[in-house]
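Proteins come first, then strands; the chains are lettered A, B, ... in the order of their sequence lines, and each starts at number 1. Since this is a predicted model, take the numbers as computed values, not measurements. Just the heavy atoms: all of them, side chains too, but no hydrogens, waters or symmetry mates, feed the values below.
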2 protein chains.
Amino acid sequence: MSKPELDDTDRHILRVLQTDARMPNTELADEIGLTPAPTLRRVRRLEEEGIISRYVALLDPKQVGRDLMVFVRVTLDKQTKQGFETFAEQMRGRPEVLECYLCLGDTDYQLKVCVADLDAYQRFLVDVLAAIPGVRNTASTIAVKQEKYTTSLALE
Amino acid sequence: MSKPELDDTDRHILRVLQTDARMPNTELADEIGLTPAPTLRRVRRLEEEGIISRYVALLDPKQVGRDLMVFVRVTLDKQTKQGFETFAEQMRGRPEVLECYLCLGDTDYQLKVCVADLDAYQRFLVDVLAAIPGVRNTASTIAVKQEKYTTSLALE
DNA sequence: GATGAAAATTAACCTGA
DNA sequence: TCAGGTTAATTTTCATC
């Protein structure tokens, strides 16, 4: 918590680590123009404050056979707090659902789902989504080709 | 290229590194039940084959002031190869566009856009998207709350 | 920001199925 | 022969000054 004061050096660190989370601290220090000790202190502070939430390895979906990405817009029958929490809870428990957002407008939830193929997606739609009480309608947009993918947030 | 043969140990490694990319090799070795040397050899192989595409730090969007996530469906005027490539190229050059997919159905492109606030989003819509020749229509779904976010692909 | 002890990485070599 | 284990030199981390 406290003040998420980020100076230029912090942003520089974040920019680098968003691209290469495994860069050794010595090299990172070199890159941002400090010595290793203060660099490490800054990184630890960014971690402790939760500005860096975690470090992950990104896999090539094709090579692990998870090549089909689908964006799903879901509307629920009744907009009760209960129904919403149940739905979100179900999504958290499904490994093929990578992202789930509560939304404004016609769409109640926007999902990003990653599965092996259309067959697996059809099963997700029928056995998982349609089986959740309160789901009124779903609209799926099937991705054919990934033109861009990054997890890196631009820090002006 | 070659054969992306993954055995149970490989999948175990990938599962762990997708959750914590910075786990020391010694600890990873312990976790998967091998000694450090063969563990490291497997990790290097997964990196070289591109199965692990990269290691990244994930930031908390709130704490870096990029709190507004928007999913945009875009349709283009003419479905010419030229027009599509131009559009994709523009998206690759825009830091607020985190993801861009060519899609089946009514939607030509599905975007995931991350900006600071509605004001910044409006500027993106008007100055960037609408300014690209061939963009016929856009439909934005504004995310209010992130219920789930992971980059981790389930490896059965 | 510098120093040095402790830990992790990694290459070279060994072993057994 | 191939995957895993062992060892030891190098590099990195990180607490203390």
Side-chain angles (χ1 to χ4, degrees), chain A residues 1-66 150-153 155, chain B residues 1-60 63-64 150-156:
Chain A
M1 304 297 131
S2 70
K3 70 223 80 157
E5 292 286 323
L6 295 178
D7 63 17
D8 286 345
T9 306
D10 289 328
R11 276 190 289 270
H12 197 168
I13 290 173
L14 294 175
R15 231 174 289 126
V16 172
L17 290 180
Q18 280 192 109
T19 300
D20 180 5
R22 283 208 156 182
M23 177 176 290
N25 186 57
T26 47
E27 202 179 317
L28 175 61
D30 226 51
E31 174 78 24
I32 65 165
L34 282 180
T35 52
T39 303
L40 188 63
R41 276 194 292 268
R42 278 172 180 265
V43 172
R44 290 289 173 267
R45 204 201 87 224
L46 293 167
E47 289 167 359
E48 271 152 31
E49 289 183 347
I51 294 169
I52 294 174
S53 58
R54 59 194 195 281
Y55 299 98
V56 302
L58 300 181
L59 309 188
D60 178 354
K62 276 186 192 160
Q63 294 212 52
V64 296
R66 288 292 174 281
T150 181
T151 56
S152 204
L153 306 180
L155 307 173
Chain B
M1 311 310 121
S2 70
K3 72 223 77 157
E5 293 285 324
L6 295 178
D7 63 16
D8 286 346
T9 306
D10 290 327
R11 276 189 288 272
H12 197 166
I13 289 173
L14 292 175
R15 232 174 288 125
V16 172
L17 290 181
Q18 280 192 108
T19 299
D20 180 5
R22 281 210 159 179
M23 176 175 290
N25 185 58
T26 48
E27 200 179 317
L28 175 62
D30 227 52
E31 173 77 24
I32 67 165
L34 286 179
T35 52
T39 303
L40 187 64
R41 279 196 290 265
R42 277 172 181 266
V43 172
R44 291 287 173 267
R45 203 201 86 225
L46 294 167
E47 290 168 358
E48 271 152 31
E49 289 182 347
I51 294 169
I52 294 175
S53 58
R54 59 196 196 280
Y55 300 99
V56 302
L58 300 181
L59 309 188
D60 178 354
Q63 295 213 52
V64 295
T150 180
T151 55
S152 204
L153 305 179
L155 308 173
E156 76 268 45

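Checking dC14(D), dG4(D), dT12(D) against the side-chain heavy atoms of Pro38(B) singles out dG4(D) as nearest. The side chain of Pro24(A) approaches dT12(D) more closely than any other nucleotide in the set dT10(C), dG5(D), dT12(D). Between dT9(C), dA12(C), dT13(D), one nucleotide has an atom nearer to the side chain of Leu40(A) than all others, and that is dT13(D). For Ala37(A), counting side-chain heavy atoms from C-beta on, the closest listed nucleotide (dG5(D), dA8(C), dA2(C)) is dA2(C).
Spacing between atom CD of Glu5(B) and atom C1' of dA3(D) amounts to 15 Å, rounded to whole angstrom units. Regarding Asn25(A), its CG atom lies at a distance of 12 Å from the P atom of dA15(D), rounded to whole Å. Rounded to whole Å, atom C1' of dC14(D) lies 18 Å from atom CZ of Arg45(A). The distance from atom CD1 of Ile32(A) to atom C1' of dG1(C) is 13 Å, rounded to the nearest whole Å. What separates CE of Met23(A) from C1' of dT13(D) is a distance of 16 Å, to the nearest Å. Here the P atom of nucleotide dT12(D) and the CD atom of Glu27(A) are 8 Å apart, to the nearest Å. One interatomic measurement links the two molecules: CG of Leu6(B) to P of dA3(D), which rounds to 14 Å at whole-angstrom precision.
Leu34(B) comes within 4.0 angstrom of sugar-phosphate atoms only, judged by non-hydrogen atoms across all strands, and of no base. Arg22(B) comes within contact range of no nucleotide atom at all, as no heavy-atom separation falls under 4.0 Å.
Taking OG1 from Thr39(A) and CD1 from Ile32(A), the interatomic distance works out to 4.0 Å, rounded to the nearest 0.5 Å. Once rounded to the nearest 0.5 Å, the distance linking CD1 of Ile13(B) with CG of Asp8(B) reads 11.5 Å.
The phosphate of dG1(C) has neither OP1 nor OP2 within less than 4.0 Å of any side-chain N or O from Arg41(A).
The pair Glu49(A)-Arg45(A) counts as a salt bridge, with a side-chain nitrogen and a carboxylate oxygen less than 4.0 angstrom apart.
Tested against Asp10(B) for a salt bridge (Lys or Arg N to Asp or Glu O under 4.0 Å), the candidates Arg42(B), Arg41(B), Arg15(B) yield a single pass: Arg42(B).
The base of dG4(D) has none of its N or O atoms less than 3.5 Å from a complementary donor or acceptor on the side chain of Arg42(B).
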